[in-house]
Amino acid sequence: MAAIAAKVPTLTLNDGRQFPIVGLGTYEAPPGVVENVVRVAVDAGYRHFDCADFYENEHEVGRALRDAIREGKVTRDQLFITTKVWPNWHGRGRPTLSVQRSLKNLGLPYVDLLLIHWPTPFKQVDNDFYPQDASGQVLFDESIQLVDVWKEFEQIKRDGLTRSIGVSNFNSEQIADLIKNSSTVPAVNQVECHPYLSQEKLLEWCRQRGIHLTAYSPLARTGTAEEKNTTSPLDIPLIKELAAKYGVSPAAICIKWQTQRGVAVIPKSATKERIVSNINIFHFNLTDGEVKAINGLNKDWRNNTWSQFGINKSKNWPFNIPF
Ligand SMILES: NC(=O)c1ccc[n+]([C@@H]2O[C@H](COP(=O)([O-])OP(=O)(O)OC[C@H]3O[C@@H](n4cnc5c(N)ncnc54)[C@H](OP(=O)(O)O)[C@@H]3O)[C@@H](O)[C@H]2O)c1
């Protein structure tokens, strides 16, 4: 029997648009697999899809979404599709080219949310996401100002290629600079966030300015966490106890915790049962005490350090200040 599609609450963005609080992450959802993953997700009730040019699978994600529209499962208006501009597309005119490429791959005339993927402009080359020197260190273009990238994002929005604009991996000072020097407050800041990285200060700072947080790697990418000698958040005794109490998976507890804090959340799975269970979290509520107890697991541990490419040497590296 087909699962009943989950009904997902929405957050209201600062430009008035509705933002489904749970979405599907599509990073490392491989070509050949992701198309079916997206079909399963639409049937399970997902309407929010987190994509990026960098994930190199937008072609298939788009095909599955267009099929779902054609088959009458959803309308375009019910979908919320995010894409992002990678740092080798930050130079003047290049964010527009990047979003045009994403739209071509997705086969859609507009996305709902366009994000600056990272605040670290790389050398501006077309065919290499990681332009590097001979020793494997990423090459930057430190002459690019993030506010200029942002002003081009404002124009892309005016041109109708995206409905909303936001940022990803930005710290509070970088966002404050955009707010001070432009006429648009980012609608969203998408950042790594899970029980080991609760982001409470950034969350409160953003909340005071009408910016929603989206939690990426909400399960700390489980396997990677183990490789880095940190227990997967799904194995934390408190998370397991709460999962047993509510009769759901440990992942569902991590996802529900985010939504109860007003944080949008985009778990990735390529496994049907997990895709379904990750979104079926609206039949129970954690108590305030349980939300606080999960907040207490924070140890400011970051899975996505990116130091292997020397990206932390950028003058725009966002994680040198507390939040
Ligand atoms: N803005 C950025 O810089 C940035 C960076 C990273 C990620 N993201 C976005 O955030 C999304 C999610 O983050 P992520 O992919 O890094 O990691 P994640 O969602 O924290 O973890 C994904 C991993 O968890 C497993 N998983 C999913 N549901 C599970 C469940 N119910 N029980 C046990 N394991 C489960 C998945 O396995 P299976 O697939 O095998 O089920 C996969 O290995 C990405 O896909 C991407 O869209 C954005």
Side-chain angles (χ1 to χ4, degrees), residues 11 19 21-29 48-52 54-55 82-87 113 115-120 129 138 166-175 186-207 211-236 239 250-251 253-269 278 294-312 314 316-323:
L11 298 168
F19 186 43
I21 199 162
V22 178
L24 183 78
T26 62
Y27 181 48
E28 289 184 336
H48 169 180
F49 293 85
D50 185 73
C51 310
F54 175 70
Y55 303 163
T82 301
T83 193
K84 315 186 189 85
V85 171
W86 193 250
L113 178 62
L115 303 178
I116 303 179
H117 207 147
W118 282 87
T120 51
F129 284 126
V138 159
V167 296
S168 177
N169 297 299
F170 273 51
N171 66 34
S172 58
E173 288 178 5
Q174 290 168 324
I175 297 175
V188 165
N189 186 18
Q190 184 183 121
V191 293
E192 180 174 343
C193 188
H194 43 68
Y196 293 138
L197 185 66
S198 61
Q199 299 274 23
E200 279 174 273
K201 288 187 178 146
L202 185 62
L203 174 60
E204 186 50 33
W205 189 93
C206 285
R207 189 174 278 148
I211 301 165
H212 277 295
L213 274 200
T214 299
Y216 79 67
S217 300
L219 312 177
R221 218 178 273 173
T222 65
T224 320
E226 281 155 8
E227 281 160 32
K228 292 186 180 172
N229 276 339
T230 296
T231 317
S232 163
L234 307 186
D235 291 329
I236 298 172
I239 301 290
I253 298 295
C254 296
I255 296 164
K256 183 71 185 193
W257 166 65
Q258 299 285 11
T259 66
Q260 285 192 223
R261 304 190 309 150
V263 175
V265 52
I266 48 171
K268 174 262 169 186
S269 177
N278 288 350
I294 300 176
N295 290 348
L297 298 170
N298 177 57
K299 51 182 180 177
D300 290 335
W301 180 86
R302 207 173 275 286
N303 175 62
N304 203 346
T305 57
W306 242 19
S307 48
Q308 67 271 36
F309 301 111
I311 296 168
N312 51 352
S314 163
N316 292 304
W317 182 243
F319 309 136
N320 289 333
I321 61 171
F323 68 96

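One is the number of the first residue; the rest follow in order along the sequence. Values reported hereafter were calculated over all heavy atoms of this structure, with side chains retained and with hydrogens, waters and symmetry mates removed.
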Polar side chain donor-acceptor pair, Y216 to D50, under 3.5 angstrom: no
Polar side chain donor-acceptor pair, N316 to W118, under 3.5 angstrom: no
Please find the pair of heavy atoms, one from [X] and one from [Y], that lie closest to each other, and give the distance.
X    : Y    : value
C193 : S198 : SG-O, 3.6 Å
L202 : F170 : CD2-O, 4.3 Å
I236 : P195 : CD1-CB, 4.5 Å
N278 : P267 : ND2-CB, 4.0 Å
Y55  : K84  : OH-NZ, 3.0 Å
P218 : H194 : O-CB, 3.3 Å

Any side-chain heavy-atom pair of [X] and [Y] under 4.5 Å:
X    : Y    : result
L234 : C254 : yes
I239 : P233 : no
I311 : W317 : yes
N189 : V167 : yes

Taking [X] for the side chain and [Y] for the main chain, is one N or O donor matched with an acceptor at less than 3.5 Å?
X    : Y    : result
R261 : N295 : no
E192 : R302 : no
K299 : L197 : no
W86  : F129 : yes
Q258 : I255 : no
Y196 : T231 : yes
S172 : F323 : yes
N169 : H117 : yes

Evaluation steps, side-chain contact (heavy atoms from CB on, under 4.5 Å), between I266 and Q190: CA-CA 10 Å; I266 48 171; Q190 184 183 121; 3.7 Å; yes
I294 vs I253, side-chain contact (heavy atoms from CB on, under 4.5 Å): CA-CA, chis, key distance, verdict: CA-CA 9 Å; I294 300 176; I253 298 295; 3.8 Å; yes
Residue pairs passing the salt bridge (Lys or Arg N to Asp or Glu O under 4.0 Å) test where at least one lies in residues 193-205, sequence neighbours excluded: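 Those involving residues 193-205 are E204-R207.
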Plane angle bin for H212 and F19 - parallel if under 30°, tilted between 30 and 60°, otherwise perpendicular: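 F19 and H212: tilted rings.
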Check against side-chain contact (heavy atoms from CB on, under 4.5 Å), S217 and N304: CA-CA 9 Å; S217 300; N304 203 346; 5.5 Å; no
CZ-CG distance between F319 and N312, expressed to the nearest 0.5 angstrom: 10.5 Å
Sole candidate of L203, L11, V188, V265 that passes side chain to side chain contact (heavy atoms under 4.5 Å, CB included) when paired with L213: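 With L213 as partner, L203, L11, V188, V265 yield a single side chain to side chain contact (heavy atoms under 4.5 Å, CB included), made by L203.
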Side chain to side chain contact (heavy atoms under 4.5 Å, CB included) against K268, all qualifying residues, sequence neighbours excluded: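 Only A29, A270 meet the side chain to side chain contact (heavy atoms under 4.5 Å, CB included) criterion with K268.
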K256: salt bridge (Lys or Arg N to Asp or Glu O under 4.0 Å) partners, not counting sequence neighbours: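 Expected list: none.
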Candidate pair T82 and H48, rule side-chain contact (heavy atoms from CB on, under 4.5 Å), full reasoning: CA-CA 8 Å; T82 301; H48 169 180; 4.1 Å; yes
